[in-house]
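Right, one structure below, let's go through it.
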Amino acid sequence: MNINLEEKFAAQYHKKADAIYFTPGRVNLIGEHIDYNGGLVMPCAITLGTWLAIAPNNENKFRFKSLNFEMETTVESNVLNGKDGSHWTNYPIGVINEMIKDGKEITGLDFLFYGNIPIGSGLSSSASIEIATAYALNSYFNLGYDRLDLVKIAKRVENDFIGLNSGIMDQFAVTFGEKNKAIVLDCETLKYKMVDIDLGNYVLAIINTNKPRELADSKYNERVAECQTALKLLNEEITLHYLCELNAEKFALHSHLITDETILNRATHVVKENDRVHLAAKALNGGNLEEFGRLMYASHESLRTLYEVSGKELDTVVDFCTSYDHVIGARMTGAGFGGCAIALLEKGYEEDFAKHLTDYYVANIGYPAAIYISEIGNGPIKL
């Protein structure tokens with residue numbers, strides 16, 4: 001953190017902060033657009049995230065301020081039952097609302113948030129804010145929730161309070177993240193295992209395309225429908241609940257049922273991407289970072305050509321990475337159509353990479369991308 005949050009809190013509220021907490025953002029390393037097809041995802045926590053300072057007040061009010069947004073809100077503790085437009089304060093208000101509905105007693109607090117996750121980039125700034133709030137309240141008031149409880153509370157905030165039909169991966173990843181580990185997560189059952197990642201002489205470069213992700217929601221729904229069509233066609237011959245119940249070999253035996261080329265492409269990506277998650281876990285367990293990088297490139301190529309969710313900006317980033325000698329793997333991460341790509345970059349080349357990627361990206365797109373260097377970090381902590 002490049003600011004002194006204690007000083008900022010004192011300047012905002014004219015008193016000392018009583019506690020400070022940190023919650024990370026996340027990236028999905030591999031396993032894209034298969035969570036809604038019964039597949040596995042492989043997210044990890046990153047060292048970018050959200051800091052939260054709190055202190056009690058005697059006015060039975062909740063005051064929300066952020067160093068990232070001008071918008072601030074004060075809410076009476078007994079009127080937390082509705083959201084306020086589309087403001088960022090809905091995320092912490094929603095968390096408090098869920099906990100009070102659970103019968104928890106939470107008294108007046110002053111909040112000051114600060115985050116260094118780029119907003120709207122697909123690195124889960126909203127999940128980070130939600131879990132920062134939930135973790136802080138659980139710790140400060142000793143509410144007795146375990147980590148999975150906090151994940152489920154944050155998902156309810158997204159689905160019921162905010163009104164977004166999102167999955168559970170983001171909240172799970174920022175809560176269960178561990179330093180130098182990835183999470184192999186089944187989003188349906190919430191069964192998971194941790195996989196060691198020894199990046200060795202490499203770091204995780206996160207490249208924000210700076211393109212607004214305005215297409216993501218509509219195209220996301222379109223892809224879900226296309227996958228359901230593929231599933232229905234396959235079920236004429238076999239019984240499946242999800243496409244990812246098939247591996248590539250079994251899929252090849254029945255793919256003749258799908259005669260539409262677009263639908264076949266979508267299903268092919270889903271099945272092979274799920275296989276890649278298994279192969280990626282095996283590569284990481286064996287310390288084979290080069291193989292993991294190869295799988296990242298293969299994932300992106302599939303998302304580009306078969307699933308068609310990348311776009312010119314993300315492809316430009318990955319195309320540059322394939323030609324840069326000190327990157328061993330890169331891919332888009334998240335829903336696509338903008339947002340971020342990730343790359344495994346050799347240490348010592350951070351500035352050179354940023355300079356040459358910026359030149360290439362500006363020449364092809366017309367404006368710069370933003371580049372962040374991260375390690376694989378821990379979940380929420382009290383500082």
| field | Over 12 non-hydrogen atoms of neighbours within 6.0 angstrom of NZ in K15 | value | yes
| said: Is there a side-chain contact between I20 and Y114 in this structure, where contact means two heavy atoms from C-beta onward sitting under 4.5 Å apart? | reply: no
| R223 side chain to E308 backbone, donor-acceptor under 3.5 Å | yes
| Between D160 and K101, is the closest basic N to carboxylate O distance under 4.0 Å? | no
| task | Start with the C-alpha gap between N57 and Y13, add the side-chain angles, then the distance that decides, and say whether side-chain hydrogen bond (donor to acceptor under 3.5 Å, both in side chains) holds. | result | CA-CA 10 Å; N57 63 58; Y13 288 111; over 6 Å; no
| Taking R156 as the fixed residue, which of Q171, E130, E98 is the one that meets the side chain to side chain donor-acceptor pair (under 3.5 Å) rule? | E98
| field | Note, P92 side chain near I129 side chain (heavy atom, < 4.5 Å) | value | yes
| Exercise: do D352 and Y324 side chains pair donor with acceptor under 3.5 Å | yes
| message | Do N116 and Y372 pair up side chain to side chain, a donor and an acceptor below 3.5 Å, judged on atom types alone? | response | no
| Quick one: CG on L67 to CG on L5, what's the gap to the nearest 0.5 Å? | 6.0 Å
| Rounded distance [0.5 Å steps], CD1 in I328 versus CG in L344 | 5.0 Å
| Which heavy-atom pair separates V95 from V157 by the least distance, and what is that distance? | N-CG2, 3.6 Å
| said: Strictly distance-based, threshold 3.5 Å: is any side-chain N or O of E273 a donor or acceptor partner for the main-chain N or O of G31? | reply: yes
| query | Do you know which of W88, W51, Y91, F9 makes ring pair (Phe, Tyr, Trp, His ring centres under 6.0 Å) with F113? | reply | W88
| Short side-chain to backbone donor-acceptor contact, T74 and R63, under 3.5 Å | no
| field | side-chain hydrogen bond (donor to acceptor under 3.5 Å, both in side chains) between T262 and E226, intermediate numbers included | value | CA-CA 8 Å; T262 298; E226 288 166 341; over 6 Å; no
| remark: Note: G377 and T47 closest approach over all heavy atoms is CA-CG2, 4.1 Å
| Has the side chain of N28 got a donor or acceptor atom that lies under 3.5 Å from a matching backbone atom of M42? | yes
| query | Parallel, tilted or perpendicular: which describes the rings of Y307 and H269, with under 30° parallel and over 60° perpendicular? | reply | tilted
| message | Hydrophobic clustering (ILVMFWY, side-chain heavy atoms < 4.5 Å, transitive) - are F251 and L306 grouped together? | response | no
| message | Under a plain distance cut-off of 3.5 Å, with no hydrogens placed, do R276 and S299 share a side-chain donor-acceptor pair? | response | no
| request: Tell me, please, which residues at least two apart from S323 pass side chain to side chain contact (heavy atoms under 4.5 Å, CB included). | output: F320
| field | Polar side-chain atom of D196 near backbone of N285 as donor-acceptor pair, under 3.5 Å | value | no
| field | Distance in Å, S139 OG paired with I54 CD1, rounded so as to fall on 0.5 Å steps | value | 7.5 Å
| task | Give the minimum heavy-atom separation between H241 and L231, together with the two atoms involved. | result | O-CD2, 3.3 Å
| said: Just checking E375: does its CD atom have more than 12 heavy atoms from other residues, nucleotides or ligands closer to it than 6.0 angstrom? | reply: no
| Checking R331 side chain against L29 main chain: does a donor-acceptor pair fall under 3.5 Å? | yes
| Between L314 and L303, is any pair of side-chain heavy atoms under 4.5 Å apart? | no
| Does I342 reach the side chain of M296, with side-chain heavy atoms less than 4.5 Å apart? | yes
| query | Between the side chain of H300 and the main-chain N/O of M332, is any donor-acceptor distance below 3.5 Å? | reply | yes
| task | Specify the closest pair of heavy atoms between L257 and L233, including all atoms of both residues, with the distance to one decimal. | result | CD1-O, 3.7 Å
| Would you say Y361 and I207 make side-chain contact, with heavy atoms under 4.5 Å? | no
| task | Please report the shortest heavy-atom distance between L40 and H278, naming the atom on each side. | result | CD1-CE1, 3.4 Å
| message | Nearest 0.5 angstrom please: F353 CZ to E350 CD, how far? | response | 10.0 Å
| Flag, side chain of N90 to backbone of H87, donor-acceptor distance under 3.5 Å | yes
| How long is the span from the OG1 atom in T23 to the CG atom in N378, to the nearest 0.5 Å? | 11.5 Å
| Do the rings of Y220 and H33 sit parallel, tilted or perpendicular, given the 30° and 60° boundaries? | tilted
| task | Please indicate whether K152 has more than 12 foreign heavy atoms, meaning atoms of other residues, nucleotides or ligands, lying under 6.0 Å from its NZ. | result | no
| query | Under the ring pair (Phe, Tyr, Trp, His ring centres under 6.0 Å) criterion, do F172 and F176 qualify, and how do the steps go? | reply | CA-CA 6 Å; F172 198 99; F176 282 82; 4.3 Å; yes
| request: Applying side-chain contact (heavy atoms from CB on, under 4.5 Å), run through V75 and F64 and close with a yes or a no. | output: CA-CA 8 Å; V75 181; F64 302 98; 4.1 Å; yes
| request: State the CG-CD1 distance between N274 and I30, to the nearest 0.5 angstrom. | output: 10.5 Å
| Which heavy atom of V195 sits nearest a heavy atom of V184, and at what distance? | CG2-CG2, 3.5 Å
| With a 4.5 Å limit on heavy-atom distance, are the side chains of C227 and V270 in contact? | yes
| message | Is there a side-chain contact between L109 and F141 in this structure, where contact means two heavy atoms from C-beta onward sitting under 4.5 Å apart? | response | yes
| task | Measure from the side-chain N and O atoms of K104 to the backbone N and O of L143, and report whether any donor-acceptor pair falls under 3.5 Å. | result | yes
| Sidechain-backbone polar pair: N364 side chain, Y360 backbone, donor-acceptor under 3.5 Å | yes
| task | Find out whether I197 and Y202 are in side-chain contact, i.e. whether some heavy atom of one side chain is under 4.5 Å from a heavy atom of the other. | result | no
| query | Around D146, counting heavy atoms of other residues, nucleotides and ligands shown, do more than 12 lie under 6.0 Å from its CG? | reply | yes
| task | Inspect the surroundings of CD in E6 and state if more than 12 heavy atoms from other residues, nucleotides or ligands are less than 6.0 Å away. | result | no
| field | Hphob cluster co-occupancy, I376 + I46, side-chain heavy atoms under 4.5 angstrom | value | yes
